[in-house]
Amino acid sequence: MVALKLILNILCIIGCILSYCQVTEGTDSDNVKGSNGSSNLTICEERQGKILHLSPTAGYIGAFVAILMFGSNFIPVKKITTGDGVFFQWIVCSGIWTFGLFVHLYNGDERKFYPLVMVGGAIWCTGNMCVVPVIKTIGLAMGLLIWGTLNLIAGWATGRFGTFGLICKQPVQHSAINYVGVVLAMISLGIFIFIKSEDSSGNIDSDNAIFNNDRGEINVRQDDESNDEENVYLLAGDMHQNNDSSWVDHYSNNQKRFIGIFLSVMSGILYGIAFVPVYVIQKNNADAPDEGIQYAFSQFCGTLLASTVYFLIYCLYKRNKPDIYSEAVAPGFISGVLWAVGDVGWFVANTYLSESISFPIVTTGPGIIASIWGIFVFKEITGWKNFLLLGVAICFAVSGSVVTGFSK
């Protein structure tokens, strides 16, 4: 009953905003249309005009693919021991790169390689490496809330306002609707972290949560403070080891808290700006392709390269005795392929919708998919409180996606 009233209230608010915005067009749209009347258009004005006149259908399909894949890519590694996660991330990135190679071949004669875009892949990989110490120092809930919110805001803001003039602003026709959609998406992220899940034996993990973080990393499991760092996407699944030592262990509690908050902030920002190198190229090169899929392979190369460098550093740190689990190779590779499919869908969504619309949709949707898996397949989510929280979170996520979509 409470969820129904919430839905009705949200729909009423959305209806009022839509009615208002139908009367007054967004300022950005008017500016771009006015610019199109000029004979001397800048690269940004040309690209802004193209975005406003592209059919959003392909973008919504890409966003749906991204949501589905990001919400499902943890399944192959659900019950796999993955150790401390560094080797596992390298395997995942190998799967990402392999799928990217097929995408590169699919692009045909138009395919090009963009070294600058590799920086975006390295940025994402670096953000993902920060997650383990974040969970170790401040815990899953606080870490997720910080990096998930900043990821959404950073990704949305870079597209909506540009990044210190480095990239073109991506206009929307109805700014007010876009702002409301972002707020609703942020609220849904906050609610998802309070959903408790059960392990296979039926024991409730008090700090478990179904969620999505940067680019759809789903279903973090947290059993207790001693093995928090083992329970992130890098290490998804049920862990069976006690190797929980970390470089942050010798710091005081206050120092750990500072480190955890700092790294979670950095992680969220890095996740959110991973697409920026693509838009830097598009702003400064009139011949650069508009289709985001043309840049996917270059970014995936950066992801694999950075992961390889981090793995080699890790091997040196472990004195050439890294934790390697052979049973994680095939599942991790498949997980990487699924993630890559989702990321390609996100590239498509960015092309046809722009980041200011795709980010609020794609960063919240995977939590719904993961929740469905948790309820019907893994039986991890039970109890009326969890179902109520899940229903409210889904209401906000769907409402945020719908509202953001209307801002196009």
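A distance below 6.0 Å separates the ring centres of Phe347 and Phe275. No close placement of the Trp97 and Trp90 rings is indicated, their centers lying 6.0 Å or farther apart.
Side chain of Ser399 to backbone of Cys395: a donor-acceptor contact under 3.5 angstrom is found. The backbone N or O of Pro360 sits less than 3.5 Å from a side-chain atom of Thr364, completing a donor-acceptor pair. The backbone N or O of Thr382 sits less than 3.5 Å from a side-chain atom of Asn386, completing a donor-acceptor pair.
When each of Phe300, Tyr114, Phe113 is checked for a ring pair (Phe, Tyr, Trp, His ring centres under 6.0 Å) with Tyr295, only Tyr114 meets the rule.
The aromatic rings of Phe161 and Trp156 stand perpendicular to each other, their planes meeting at an angle above 60°, with 30° marking the opposite boundary.
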Indicate every side-chain donor-acceptor pair of residues 98-107 with a distance under 3.5 Å to a residue at least two apart or in another chain.
unit_1 : atom_1 : unit_2 : atom_2 : d
Thr98  : OG1    : Ser94  : O      : 2.8
Asn107 : ND2    : Val103 : O      : 3.4

Starting from the C-alpha separation in whole Å, work towards a yes-or-no answer on side-chain hydrogen bond (donor to acceptor under 3.5 Å, both in side chains) for Gln282 and Asp290. CA-CA 7 Å; Gln282 289 181 335; Asp290 295 317; 4.9 Å; no
I would like to know whether Val398 and Ile368 meet side-chain contact (heavy atoms from CB on, under 4.5 Å); could you show each step before the answer? CA-CA 9 Å; Val398 172; Ile368 300 175; 4.0 Å; yes
Check the pair Arg160, Ser354 against side-chain hydrogen bond (donor to acceptor under 3.5 Å, both in side chains), reporting the backbone distance first and the verdict last. CA-CA 8 Å; Arg160 184 69 182 86; Ser354 81; over 6 Å; no
side-chain hydrogen bond (donor to acceptor under 3.5 Å, both in side chains) for Gln255 and Ser252? Distances and angles first, verdict last. CA-CA 5 Å; Gln255 290 174 326; Ser252 66; 3.2 Å; yes
Show the numbers, then the answer: is there a ring-ring contact (aromatic ring centres under 6.0 Å, His included) between Trp346 and Trp339? CA-CA 10 Å; Trp346 202 346; Trp339 187 94; 8.6 Å; no
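Applying the ring pair (Phe, Tyr, Trp, His ring centres under 6.0 Å) test to Phe333 and every residue at least two apart in sequence or in another chain returns nothing.
Side-chain contact of Tyr310 with Thr126: a donor-acceptor pair under 3.5 Å is present, judged by distance alone.
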